[in-house]
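Heads up, the thing below is written out as structure tokens.
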Protein chains: 2
Amino acid sequence: MPKQITEMLKGTLEGIVLAILAGRAAYGYEITAWLRDQGFTDIAEGTIYALLVRIEQRGLVDVEKVPSEKGPPRKVYTLNAAGRAYLDDFWGTWSFLAERLEQLRNEGK
Amino acid sequence: MPKQITEMLKGTLEGIVLAILAGRAAYGYEITAWLRDQGFTDIAEGTIYALLVRIEQRGLVDVEKVPSEKGPPRKVYTLNAAGRAYLDDFWGTWSFLAERLEQLRNEGK
DNA sequence: ACTGGTAGATAGTAACGCTGAGTACCGGAT
DNA sequence: ATCCGGTACTCAGCGTTACTATCTACCAGT
């Protein structure tokens with residue numbers, strides 16, 4: 001039985017990462033660690049890096065390479081104007097979905 | 001730009017349909033119409049029928065063919081015990097995700 | 001020299017929703 | 001009688017996304 005969270009993350013994981021970047025600039029490894037901390041234990045590192053590449057190519061974030069003291073250089077991502085607009089859309093879509101779901105759950109008692 | 005809702009529905013649409021069936025037995029065409037009524041205007045008919053085939057093959061629902069007065073016979077789906085258990089899991093996963101998202105949204109103010 | 005933590009990249013796979021087309025049944029309008 | 005629209009379901013092919021697994025690279029401590 002495949003984990004339900006895997007499919008549920010499709011589309012929302014992107015919003016989650018953008019929401020994180022809305023609060024502060026961050027790099028991949030850091031984001032992965034933070035997500036694990038929050039209970040998203042199954043999220044693979046590769047998933048985050050691939051996602052970051054995608055949102056960069058869509059022009060939702062700006063990137064800066066910053067040397068690290070303990071390892072290869074970090075790619076620090078910052079949400080730009082297009083990213084903020086996209087995040088607003090995301091919250092709108094999410095609200096719509098969450099409201100319908102909550103309604104369904106209450107109907108089912 | 002592909003609609004965000006399309007990706008976000010992955011995983012959740014299944015839960016939505018199971019939640020509908022938890023309230024009452026229903027058939028595909030009826031479910032599609034209900035979803036459109038609720039604002040899910042972009043959900044294709046084919047998507048629902050494919051989803052119903054999947055949950056039937058996983059043994060989450062029981063099926064009965066019922067003749068219709070105005071068209072081909074309906075396939076009426078009923079949630080069974082396995083389906084109810086799976087739906088419980090779904091709500092658990094959904095709650096986890098919704099809580100994290102709500103927290104992120106509040107942090108972003 | 002080796003291990004472990006830090007940091008990122010990538011090829012291949014599976015799941016899911018969408019598109020677009022098709023089949024079939026029925027009633028009313030032309 | 002014929003056509004059209006509403007009902008009801010099916011199917012092949014596609015694009016997007018997350019997962020798996022593996023790889024490279026840098027540095028500190030043992």
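Order of the sequence lines sets the chain letters (A, B, ...), proteins ahead of strands, with each chain counted from 1. On a predicted model such as this, the values are computed, not experimentally measured, just so you know.
Atom CD1 in B:Ile48 sits about 12 Å away from atom C1' in C:dC18, given to the nearest Å. Spacing between atom CD1 of A:Ile31 and atom P of D:dA18 amounts to 13 Å, rounded to whole angstrom units. Note: CZ (A:Phe40) to C1' (D:dC19) measures 16 Å, nearest angstrom. Rounded to whole angstrom, the span from the CZ atom of A:Arg36 across to the C1' atom of D:dC19 amounts to 12 Å. Atom CD1 of A:Ile5 is separated from atom P of D:dA18 by 11 Å (rounded to the nearest Å). Going from atom CD of A:Gln4 over to atom C1' of D:dC19 covers 17 Å, rounded to whole Å. B:Leu51 places its CG atom 15 Å from the C1' atom of D:dT10, with the value rounded to the nearest Å. If you measure from atom OH of A:Tyr77 to atom C1' of C:dA7, you get 11 Å, rounded to the nearest angstrom.
Residue side chain A:Lys10 does not reach the base of D:dT16 through any donor-acceptor N/O pair under 3.5 Å, judged by distance alone.
Distance alone, capped at 3.5 Å, places no donor-acceptor pair between the A:Arg54 side chain and the A:Glu14 backbone. Between the A:Thr32 side chain and the A:Gly28 main chain, a donor and an acceptor come within less than 3.5 Å of each other. A:Arg36 places a side-chain N or O within 3.5 Å of a backbone atom of A:Ile43 that can act as its donor or acceptor partner. The backbone N or O of A:Lys10 lies less than 3.5 Å from no partner atom in the side chain of B:Glu7, so there is not a single donor-acceptor pair. A:Arg74 places no side-chain N or O within 3.5 Å of a backbone atom of A:Val66 that could act as its donor or acceptor partner. In this structure, B:Asn80 contributes its side chain and B:Gly59 its backbone to a donor-acceptor pair below 3.5 Å.
Using a 4.5 Å cut-off on side-chain heavy atoms (C-beta onward), A:Gln103 and B:Gln38 make contact.
Of the candidates D:dT10, C:dG8, C:dG17, C:dG17 carries the atom nearest the B:Leu13 side chain, counting heavy atoms from C-beta on. Across D:dT20, C:dA15, C:dG17, the shortest atom-to-atom separation from the side chain of A:Thr47 is found for D:dT20. Which of D:dT17, C:dC18, D:dC9 sits closest to the side chain of B:Ile43 comes down to C:dC18. When distances are taken from the side chain of B:Arg74 to each of C:dA7, D:dC9, C:dA15, the shortest belongs to D:dC9. In this structure, the nucleotide among C:dT19, D:dT17, D:dT10 sitting nearest to the side chain of B:Ala44 is C:dT19. When the nucleotides D:dT7, C:dG8, D:dT17 are ranked by their closest atom to the side chain of A:Glu45, C:dG8 comes out on top. For A:Tyr49, taking side-chain heavy atoms from C-beta onward, the closest of the listed nucleotides C:dA9, C:dA14, C:dC18 is C:dA9.
Toward the 5′ end of DNA chain C lies the nearest nucleotide of A:Glu7, the other residue of the pair A:Glu7 and B:Pro73 mapping further downstream.
DNA chain C lies under 4.0 Å from at least one heavy atom of each of the following residues of residues 20-30 of chain A: A:Tyr27, A:Gly28, A:Tyr29. Annotation: proximity of residues 64-72 of chain B to DNA chain D (heavy atom, distance under 4.0 Å) is found for B:Ser68, B:Lys70, B:Gly71, B:Pro72, numbered in ascending order.
Residue A:Arg54 places at least one side-chain N or O under 4.0 Å from the OP1 or OP2 atom of D:dT17. Phosphate proximity of C:dG17 to B:Lys3: absent, as no side-chain N or O sits under 4.0 Å from OP1 or OP2.
Between A:Ser95 and B:Arg105, the side chains place a donor N or O and an acceptor N or O closer than 3.5 Å (distance only, hydrogens not considered). At a cut-off of 3.5 Å, with distance as the only test, no side-chain donor of A:Tyr77 or A:Glu64 sits close to an acceptor on the other residue.
Here the CD1 atom belonging to B:Ile5 is positioned 7.0 Å from the OG1 atom belonging to B:Thr12, to the nearest 0.5 angstrom.
Counting any heavy atom pair closer than 4.0 Å across all strands shown, A:Leu52 reaches no nucleic acid atom. B:Gly11 comes within 4.0 angstrom of the backbone, heavy atoms only, and of no base.
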Query raised in the report: How far apart are the C-alpha atoms of A:Glu30 and A:Trp34, what are their side-chain angles, what is the distance that settles it, and do they pass the side chain to side chain contact (heavy atoms under 4.5 Å, CB included) test?
Result: CA-CA 6 Å; A:Glu30 188 185 9; A:Trp34 185 86; 5.8 Å; no
